[in-house]
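What follows is a short report on a single structure.
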Amino acid sequence: MVLARGFGKNPLLLVTNETTLDAMAAAKLVRAYLKRWGVEEAGRLQKQVFALENLRVLSWSGLVKLTWLTMWTYGLLCMIRLRAGRLYENLLACYPSFGPTPRFPYYRVAGGLALLLFVAMLSYPALILASAKTG
């Protein structure tokens, strides 16, 4: 077992089959676990926000293209959070939610972006249709 403090109110307890008495090796295990946790969280977000499990495609290449599209969109959400401070704050503000911004805010960012696109589609349908025809 590895016990790590500093990741919230409660300590992080990892059960592992690695045997080590070295603090640096234990810290390396914690970092690897947290990295893996981030990958799992990103995959879950892609499935839920973009409804990947509800898609009906006719070919394997169609599924691959849609999955890549969701990955790129998730990357865009990450870039908005890390580099576009004011846009990020505006997206969070326009999404109706309760409580403080969570440590993994991408659900709120995606919800705010979807809400803005929906309002834009209702307000300016000609703009959306024109951009769809040129693409």
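With a 6.0 Å radius and a threshold of 12 heavy atoms from other residues, nucleotides or ligands, Leu58 has its CG atom at or below the threshold.
Remark: Asn54 engages Ala51 in a side chain to side chain contact (heavy atoms under 4.5 Å, CB included) (not counting sequence neighbours). Applying the side chain to side chain contact (heavy atoms under 4.5 Å, CB included) test to Ala114 and every residue at least two apart in sequence or in another chain returns nothing. In terms of the side chain to side chain contact (heavy atoms under 4.5 Å, CB included) criterion, residue partners of Trp60 (sequence neighbours excluded) are, by chain and number, Leu63, Val64. Judged as a side chain to side chain contact (heavy atoms under 4.5 Å, CB included), and not counting sequence neighbours, the contacts of Ala26 are Val2. With sequence neighbours excluded, no residue forms a side-chain hydrogen bond (donor to acceptor under 3.5 Å, both in side chains) with Ser123.
For the atom pair Leu69 CG and Met71 CE, the distance stands at 11.5 Å (nearest 0.5 Å). For the atom pair OG1 of Thr73 and CD of Gln46, the computed distance is 8.5 Å after rounding to the nearest 0.5 Å. In this structure, Phe50 CZ and Leu66 CG are separated by 11.5 Å, a value rounded to the nearest 0.5 Å.
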For residues 29-38, which side-chain donor-acceptor pairs fall under 3.5 Å, sequence neighbours excluded?
| unit_1 | atom_1 | unit_2 | atom_2 | d |
| --- | --- | --- | --- | --- |
| Arg36 | NE | Glu40 | OE2 | 3.2 |
| Arg36 | NH2 | Glu40 | OE2 | 2.4 |

